[in-house]
Number of protein chains: 2
Amino acid sequence: MAKQKKFILQENEIPTQWYNIQADMKNKPLPPLNPATKEPLKAEDLYPIFAQECCSQELDQEHQWIDIPEPVLDKYKYYRATPLVRAYELEKALDTPAHIYFKNESVNPLGSHKVNSALPQCYYCKEEGVTNVTTETGAGQWGAALSYAAKVFGLEAAVYQVKLSLQQKPYRSMMMRTFGAAVVGSPSMSTRAGKNIITRDPNHPGSLGTAISEAIELATTTPNCKYTLGSVLNHVSLHQSIIGLEAEKQMEMAGEYPDTIIACFGGGSNFGGLAFPFMRHNLLDGKDTEFIAAEPASCPKLTRGEFRYDFGDEAGYTPLLPMYTLGHDFKPANIHAGGLRYHGAGTIVSQLIKDGMMHGVDIPQLESFDAGMLFARTEGIIPAPESCHAIAATIREAIRCKEAGEEKVILFNLSGHGLIDMTAYDSYINGDLHNYTLEDSVIQENLANVPEV
Amino acid sequence: MAKQKKFILQENEIPTQWYNIQADMKNKPLPPLNPATKEPLKAEDLYPIFAQECCSQELDQEHQWIDIPEPVLDKYKYYRATPLVRAYELEKALDTPAHIYFKNESVNPLGSHKVNSALPQCYYCKEEGVTNVTTETGAGQWGAALSYAAKVFGLEAAVYQVKLSLQQKPYRSMMMRTFGAAVVGSPSMSTRAGKNIITRDPNHPGSLGTAISEAIELATTTPNCKYTLGSVLNHVSLHQSIIGLEAEKQMEMAGEYPDTIIACFGGGSNFGGLAFPFMRHNLLDGKDTEFIAAEPASCPKLTRGEFRYDFGDEAGYTPLLPMYTLGHDFKPANIHAGGLRYHGAGTIVSQLIKDGMMHGVDIPQLESFDAGMLFARTEGIIPAPESCHAIAATIREAIRCKEAGEEKVILFNLSGHGLIDMTAYDSYINGDLHNYTLEDSVIQENLANVPEV
């Protein structure tokens with residue numbers, strides 16, 4: 001009998017609640033602090049920045065399950081559930097006894113998992129009467145998703161796209177404009193934060209940290225405008241948990257349970273989305289799945305960052321967050337995986353690393369594209385440079401399984417496709433792509449005046 | 001109860017046979033002719049060009065159903081069935097009583113329906129010991145699919161991409177190279193056919209007709225190399241019938257049957273793929289579904305072409321085919337829908353038009369992008385410029401339904417996404433896009449020396 005490749009859910013099997021891992025963590029994440037008072041933040045403190053419902057979700061350590069609002073579920077149903085695919089061709093190419101599965105978020109509208117959180121964030125903004133939303137985007141995946149979601153709920157969107165990304169991935173800004181969004185390269189002269197950066201460093205290529213500063217400044221100085229974030233924060237992982245909840249049902253259809261779960265790691269949204277629903281069985285049901293976050297060697301906050309309070313953005317507009325960080329004005333090297341060029345990890349993930357529930361691995365840029373090329377040629381999908389990091393980590397595990405003769409079940413998240421990142425593949429094929437290490441990035445001395453953890 | 005948006009098939013429901021409409025046509029297509037002898041072609045006459053199995057399928061007017069070979073079905077299962085989606089958001093935007101469904105071929109690997117025929121063509125080549133394949137590509141969708149399929153079956157691929165398309169869509173050639181294919185702009189100096197065109201017209205932007213000539217010349221002058229074609233021919237429509245066969249089951253799940261079926265039209269592959277399985281119920285079961293092929297106003301062979309014998313390529317390397325044609329050295333205007341820049345219609349479609357079983361409509365470029373923008377903003381998928389023509393024709397029908405108060409069921413084919421065509425959207429948004437008519441294209445006097453129909 002032919003082996004089944006694809007495990008898909010019907011519309012009525014799509015989860016109707018998100019999973020909030022905070023409720024099940026033994027050690028809760030430390031509270032974010034108000035930078036002025038150094039007091040733990042209350043939800044209300046975040047109201048000027050985010051939709052109120054997102055602020056409540058952010059700090060919710062109580063409710064394990066949170067209902068997906070009907071209008072969001074209604075939009076989810078156009079594209080979810082995404083397929084779970086057994087990567088037989090990749091297994092064959094690696095000659096590994098491991099069973100490799102991937103959750104294919106690349107078939108989502110706009111090409112990545114990002115839309116899963118863009119829709120609820122825009123919905124909550126709409127519900128409270130907001131008319132304008134703004135955000136940052138690293139590779140452009142989040143910006144594109146947000147632009148679409150804003151259009152869906154009748155909001156105007158302005159996106160600060162990292163300048164380097166605008167140059168590397170011009171098609172993504174075209175996508176955003178197709179949905180009616182305004183796109184500005186960051187750092188820009190349109191905000192105080194941007195001006196400060198450009199004054200200090202006229203050729204700054206931008207980073208997620210700079211773009212977040214500019215977007216927050218726009219949101220807090222514009223009437224009826226809220227900020228939205230594509231990763232890092234707890235409510236974003238919450239929305240993304242739809243990925244793992246679906247995957248859980250789909251792995252059941254496949255008759256297996258993952259020994260190892262892998263996702264790339266920028267701020268943690270696709271990682272948490274896939275991992276947390278499975279991690280609850282480690283926390284509650286005695287499972288011992290291994291969780292691996294694949295980060296770029298040039299931006300290794302999980303393995304080489306410090307756990308402490310730091311800002312989430314370059315200018316220091318955000319609350320102080322307890323996290324593994326390379327410093328909030330860390331200037332990452334110019335790798336193509338723009339979505340991973342972020343200095344810090346989310347507070348949940350940071351706590352989980354401290355607690356030994358998961359760990360990071362560092363992937364050099366060339367190894368990530370070696371992996372991406374092999375995946376494209378075996379499975380027919382050209383992966384996003386970010387997702388290439390997850391594939392590289394998966395390949396490392398699969399080769400380890402081969403050496404050890406272990407038939408492990410590995411599940412990774414294909415967070416997005418790389419069709420808008422073709423110039424990166426072109427550079428790789430032409431031999432123009434390089435490795436970068438932490439030492440190629442610029443670390444500033446910027447950790448003064450924040451409380452010790 | 002929430003209305004269902006998406007109708008999906010499980011892996012064991014994927015059709016295992018293709019549908020051959022030739023067997024059911026009352027008036028069979030006229031035979032292709034050997035251009036030297038003007039005698040009807042036998043399958044063997046095509047062996048130097050195509051895989052032998054494709055040659056048999058091309059002329060098969062007998063078998064209604066043809067088994068999909070197991071290794072091809074095995075690859076289909078990674079990505080098929082594609083979803084059938086009810087376009088509620090588009091309906092709402094148009095305020096139409098029509099029910100609009102689309103078959104979403106944009107989630108296929110490489111982004112379009114083309115892979116459905118690339119896989120069997122490469123498989124058949126592999127089976128008969130061929131080592132190299134070559135082809136033409138208009139927009140790059142077929143070239144990308146063929147490059148992937150060649151890699152799957154261990155063949156080397158060389159693709160002639162229309163020069164205009166290389167300029168407009170550089171990412172598509174990068175995709176082909178990612179799969180290891182060699183890509184050459186056509187017309188090129190690498191073939192006699194290409195040199196002749198360049199000598200006559202140094203700035204010729206290329207067309208599907210010029211690229212086909214070059215690819216056939218390469219195939220017939222290279223040992224162990226066969227040519228593959230992405231559209232026009234009967235065996236390509238045969239392979240693409242998987243689209244319509246799936247859609248038939250999915251419409252059944254939706255509890256409706258299409259009154260109108262619409263697809264864009266270049267050579268006929270996505271049109272035939274969706275339409276023919278439904279048309280068999282017009283031919284055999286007394287259904288009266290209307291079939292509409294949407295072609296560009298600047299390349300209107302269906303509505304303004306002549307039905308006669310003509311060559312399928314610019315240089316006259318192919319057999320003489322009985323078809324609606326604008327002349328085989330027709331030089332189409334520089335529209336972005338590169339896949340529709342072809343002078344002729346396939347022989348089956350040409351016969352069906354003569355028999356009144358279907359008809360064409362002409363869509364100006366700006367109307368196609370108006371439609372594409374509306375679709376992107378409502379349904380969240382940025383359509384390929386080719387697919388925009390189908391959407392435009394669908395919108396015309398939906399508006400007609402609104403005016404007449406008719407609750408028609410319309411099904412169209414979303415043949416591919418437009419993420420690699422973002423420069424076209426950018427031009428549209430910037431107001432730089434223009435309409436072209438037939439009079440903006442160049443018609444040569446080239447129909448001498450072919451038999452009258």
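Any value given below was found using the heavy atoms of this structure, including those in side chains, with hydrogens, waters and symmetry copies removed. So that the names make sense, note that chain A is the first sequence line, chain B the second, and so on, each numbered from 1. These numbers were taken from a predicted model, which means no experiment stands behind them.
- Most heavy-atom pairs under 4.5 Å with chain A: of the set B:I381, B:I382, B:T378, this distinction falls to B:I382.
- When heavy atoms are compared at a cutoff of 4.5 Å, A:Y148 approaches chain B solely by way of its side chain, counted from C-beta outward.
- Of all residues spanning residues 85-92 of chain A, those with a heavy atom less than 4.5 Å away from chain B's heavy atoms are A:V85, A:R86, A:Y88, A:E89, arranged by number.
- The contact between A:L110 and chain B is made by backbone and side chain atoms together, counting heavy-atom distances below 4.5 Å.
- Salt-bridge annotation for A:R80 and A:E105: present, with a side-chain N of the basic residue lying under 4.0 Å from a carboxylate O of the acidic one.
- Taking every heavy atom of both residues into account, A:A424 and A:F369 meet most closely at CB-CZ, 3.6 Å.
- Between A:E156 and A:N132, the side chains place no donor N or O within less than 3.5 Å of an acceptor N or O (distance only, hydrogens not considered).
- With a threshold of 4.5 angstrom between heavy atoms, B:I429 approaches chain A through side-chain atoms but not through N, CA, C or O.
- Within 6.0 Å of atom CD in A:E252, 12 or fewer heavy atoms from other residues, nucleotides or ligands are found, so the atom counts as exposed in its surroundings.
- For chain A, the nearby part of B:A81 is the backbone; its heavy atoms alone come within less than 4.5 Å.
- Checking side-chain atoms of A:K77 against main-chain N and O of B:K6 turns up no donor-acceptor pair under 3.5 Å.
- The most heavy-atom pairs under 4.5 Å with chain B, out of A:Y425, A:Y78, A:F7, come from A:Y78.
- Counting heavy atoms from C-beta on, the side chains of A:K126 and A:L155 come closer than 4.5 Å.
- Heavy-atom pairs under 4.5 Å with chain A peak, among B:K75, B:Q10, B:M373, B:R377, at B:R377.
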Worked verdict on B:S106 versus B:H417 for side chain to side chain donor-acceptor pair (under 3.5 Å): CA-CA 5 Å; B:S106 79; B:H417 67 65; over 6 Å; no
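- Looking at A:K151, the atoms closer than 4.5 Å to chain B (heavy atoms on both sides) all sit in the side chain, from C-beta outward.
- Between A:E11 and B:K5, none of the side-chain N atoms (NZ, or NE/NH1/NH2) sits under 4.0 Å from a carboxylate O, so this pair counts as no salt bridge.
- Within the 4.5 Å cutoff, side-chain heavy atoms of B:L374 are placed close to those of B:L94.
- Heavy-atom distances place no part of A:S147 under 4.5 Å from chain B, backbone and side chain included.
- Looking at B:L9, only its backbone comes within 4.5 Å of chain A, counting heavy atoms on both sides.
- Defined by atom type and a distance below 3.5 Å, a donor-acceptor pair is missing between the side-chain atoms of B:Y101 and B:Q250.
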Kindly list each side-chain donor-acceptor pair under 3.5 angstrom involving residues 170-184 of chain B, sequence neighbours excluded, with atom names and distances?
{"residue": "B:R172", "atom": "NH1", "partner": "B:A139", "partner atom": "O", "Å": "3.2"}
{"residue": "B:R172", "atom": "NH1", "partner": "B:D421", "partner atom": "OD1", "Å": "3.3"}
{"residue": "B:R172", "atom": "NH2", "partner": "B:D421", "partner atom": "OD2", "Å": "3.2"}
{"residue": "B:S173", "atom": "OG", "partner": "B:P170", "partner atom": "O", "Å": "2.8"}
{"residue": "B:R177", "atom": "NH2", "partner": "A:D426", "partner atom": "OD1", "Å": "2.7"}
{"residue": "B:T178", "atom": "OG1", "partner": "B:M174", "partner atom": "O", "Å": "2.8"}

